[in-house]
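Notes follow the structure.
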Amino acid sequence: MLDIQLLRRDAALVAERLAARGFAFDAARFDALEAERKTIQTRTQDAQAKRNALSKQIGMLKGKGEDTTAVMAEVAGLGDELKALETRLGELQTELNDFLMGVPNLPHESVAVGRDETANVEVSRWGTPRSFDFPVRDHVDLGEGLGQLDFAAAVKITGSRFTVMKGGLAKLHRVLAQFMLDVHTTEHGYSEVYVPYLVNADSMRGTGQLPKFEEELFHVPRSDADKLYLIPTAEVPVTNLVRDEIVPLDALPLKFVAHTPCFRSEAGSYGRDTRGMIRQHQFDKVELVQMVRPEDSYAALEALTANAEAILQKLGLPYRKMALCSGDMGFSSAKTYDLEVWLPAQNTYREISSCSNFEAFQARRMQARFRAGQGKPELLHTLNGSGLAVGRTLVAILENYQNADGSVSVPEALRARMGGVERLTAA
RNA sequence: GGAGAGGUGGCAGAGUGGUCGAAUGUACCUGACUCGAAAUCAGGCGUGAGCGCAAGUUCACCGUGGGUUCGAAUCCCACCCUCUCCGCCA
């Protein structure tokens with residue numbers, strides 16, 4: 001959520017900055033809503049103050065055993081008007097809130113203006129894509145060739161966009177997640193957390209998935225009014241750890257890492273990446289989350305992105321770092337770097353991590369604050385990034401480390417964890 | 001699943017219709033005393049929002065949402081959550 005003070009001061013300026021990300025902010029509507037809110041709120045509060053004063057008077061008179069009929073008559077006249085005002089004010093506040101909850105974050109000044117991913121800016125590249133002297137197979141052929149990747153079984157059990165892994169590949173998948181967790185906790189200073197995979201609507205609103213993106217979520221019904229959502233990323237439960245909290249200054253920065261499955265309905269992506277495990281309804285991800293002081297958040301974004309890059313480097317996977325343009329960023333983000341890993345079979349780089357600074361956008365929705373000294377509570381800045389998407393990392397290893405005979409070498413960094421196994425072969 | 005208890009300020013804990021945003025204790029901050037500290041004494045000390053240049057002032061908030069009333073922490077309804085015991089269970 002944006003700072004309403006900023007909108008009151010200059011809604012037109014906000015509209016201009018949001019236009020850069022392709023969002024049509026209706027400044028006229030906002031100004032109109034605000035104007036009415038202001039009058040109605042003032043009138044409501046005046047009426048309430050009057051009612052409170054008279055009621056207090058009745059209390060005092062009764063305490064002294066005196067007659068109250070005159071004051072009662074006076075306050076009786078207030079009733080209908082007050083009720084109407086309160087109702088209208090409630091409507092306006094709901095309307096304003098709904099309006100604000102649907103407005104995306106402002107792009108940081110360093111973000112390039114552009115409509116879609118074609119305007120993203122390549123920041124750096126690491127590693128050299130390997131050249132193959134045999135026909136390159138994609139991860140589906142490789143995994144099925146090994147007898148360790150089974151989409152047919154997943155379709156039978158559940159449906160499309162799920163996968164079953166077996167044997168060495170299943171183990172490699174597990175080992176990858178643990179490798180990432182260990183690197184981030186021991187080398188990068190993150191605290192490991194284990195969190196629920198089902199969350200309530202307040203949590204989804206806090207990080208910005210609701211109210212706008214409900215169709216991208218899976219949910220589990222409970223009572224009528226109350227359902228739980230499967231997390232689309234660990235960002236949701238982990239960031240919400242600080243919802244409605246005032247964190248002491250000396251506890252900052254907070255740095256968390258969590259390994260969770262992620263569930264996405266992928267509504268609207270029919271036909272995209274239908275083959276293989278690039279785009280699944282369920283996938284594992286190791287997520288980095290930070291809560292920092294506002295003045296530290298852009299340095300933290302660089303550091304967090306470097307933390308994710310370190311995993312790719314240790315695994316020897318070539319990648320490039322992209323700074324997303326204004327039109328390609330997520331709803332809540334002020335600035336985002338995507339890390340894209342080289343996939344030989346697709347002959348291109350594909351997203352494997354997305355690292356974002358949300359500034360105070362999520363914190364404002366969540367009332368996530370810190371207190372410096374004796375001062376007023378201030379909003380935190382929140383950040384997160386994948387470190388990394390485990391399924392896609394597995395895909396990248398299969399394709400980049402494949403051999404002519406269809407076997408797959410295990411990256412050096414994982415061999416000890418794999419019990420010394422150097423390559424995955426068909427059983 | 002069955003039975004019971006309970007959700008009040010950072011924490012503890014009063015308050016069952018009126019002067020209660022809320023006693024008291026504790027924690028914390030400031031000052032006094034002290035060479036300094038402890039102890040003691042005095043004062044201060046919630047969050048959000050509106051109006052205002054400011055001083056200030058008004059409103060809302062006692063789990064959540066409704067209702068009754070001139071007036072609700074207190075009464076009524078629904079829901080959520082926590083705890084205890086029993087049963088079942090990874």
Side-chain angles (χ1 to χ4, degrees), chain A residues 1-9 30-101 194 196-206 210 219-229 237 240-252 261 360 362-380:
Chain A
M1 196 153 67
L2 297 179
D3 181 3
I4 194 163
Q5 306 292 354
L6 177 67
L7 288 163
R8 284 181 184 140
R9 249 179 280 127
F30 174 79
D31 287 340
L33 274 173
E34 250 301 287
E36 189 181 358
R37 191 228 92 231
K38 189 166 170 173
T39 11
I40 298 293
Q41 181 162 351
T42 307
R43 285 175 57 194
T44 305
Q45 292 191 350
D46 284 350
Q48 285 170 331
K50 197 165 159 192
R51 188 228 21 224
N52 289 348
L54 289 172
S55 291
K56 198 167 267 189
Q57 214 175 51
I58 293 172
M60 286 193 289
L61 290 172
K62 285 207 167 176
K64 285 186 271 181
E66 291 175 22
D67 179 59
T68 59
T69 48
V71 189
M72 297 275 269
E74 194 181 348
V75 80
L78 246 57
D80 287 347
E81 193 204 357
L82 183 57
K83 184 151 266 176
L85 282 168
E86 283 175 341
T87 305
R88 183 63 193 142
L89 183 61
E91 287 167 2
L92 280 167
Q93 277 168 342
T94 304
E95 211 172 327
L96 259 172
N97 191 54
D98 290 352
F99 179 83
L100 287 176
M101 289 291 270
Y194 172 87
Y197 305 155
L198 286 164
V199 300
N200 58 34
D202 282 341
S203 294
M204 286 294 187
R205 271 190 288 271
L210 289 179
H219 68 266
V220 181
R222 284 204 298 183
S223 60
D224 291 343
D226 180 48
K227 52 187 165 183
L228 294 177
Y229 296 85
N240 274 280
L241 285 171
V242 292
R243 171 152 56 87
D244 295 322
E245 298 289 337
I246 298 175
V247 180
L249 185 66
D250 59 16
L252 298 177
Q362 294 180 327
R364 190 170 292 112
R365 292 173 162 235
M366 291 191 298
Q367 284 296 301
R369 295 164 295 172
F370 70 99
R371 195 195 302 274
Q374 294 300 304
K376 279 268 170 192
E378 294 176 57
L379 293 170
L380 289 163

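Any value given below was found using the heavy atoms of this structure, including those in side chains, with hydrogens, waters and symmetry copies removed. Letters A, B, ... mirror the listed sequences (proteins, then strands); counts begin at 1. What you see is a predicted model; the values in this text were computed from it and never measured.
Taking atom CD on A:Glu34 and atom P on B:rA49, their separation rounds to 13 Å, with Å as the unit. Atom-to-atom, CZ of A:Arg37 to C1' of B:rA60 comes out at 14 Å; the value is rounded to the nearest Å. Distance, A:Leu92 CG to B:rC59 C1': 16 Å, rounded to whole Å. Taking atom NZ on A:Lys227 and atom C1' on B:rC79, their separation rounds to 17 Å, with Å as the unit. The CD atom of A:Glu81 sits 17 Å away from the P atom of B:rC70 (whole-angstrom rounding). Atoms CD (A:Gln41) and C1' (B:rG52) sit 14 Å apart, rounded to a whole Å. Computed from coordinates, the A:Arg371 CZ to B:rC45 P distance equals 14 Å when rounded to whole Å. Rounded to whole Å, atom P of B:rG50 lies 18 Å from atom CD of A:Glu86.
Taking the P atoms as reference points, B:rC61 lies 13 Å from B:rG71, given to the whole Å. For B:rA32 and B:rA37, the C1' atoms lie 15 Å apart once the distance is rounded to whole Å. Separation of the P atoms belonging to B:rG9 and B:rU64 is 10 Å when rounded to the nearest angstrom.
Electrostatic pairing of A:Glu245 and A:Arg369 does not count as a salt bridge here, judged by no charged N lying under 4.0 Å from a carboxylate O. A salt bridge links A:Asp202 to A:Arg205: at least one charged side-chain nitrogen sits closer than 4.0 Å to a carboxylate oxygen.
Using a distance-only test at 3.5 Å, with no hydrogens or angles considered, no donor-acceptor pair links the side chain of A:Arg243 to the main chain of A:Gln367.
The listed nucleotides are B:rG52, B:rC70, B:rA49; the one nearest the side chain of A:Lys38 is B:rG52. Checking B:rG48, B:rU58, B:rC70 against the side-chain heavy atoms of A:Pro377 singles out B:rG48 as nearest.
Taking OG1 from A:Thr39 and CG from A:Leu89, the interatomic distance works out to 10.0 Å, rounded to the nearest 0.5 Å.
Close to B:rC70, at under 4.0 Å from its OP1 or OP2, lies no side-chain N or O of A:Asn52.
Scored by the side chain to side chain contact (heavy atoms under 4.5 Å, CB included) test, A:Gln48 finds A:Thr44, A:Gln45, A:Arg51, A:Leu82, A:Glu86 as partners (sequence neighbours excluded).
Nucleic acid contact for A:Arg43: none, since no nucleic acid atom lies under 4.0 Å from a heavy atom of the residue.
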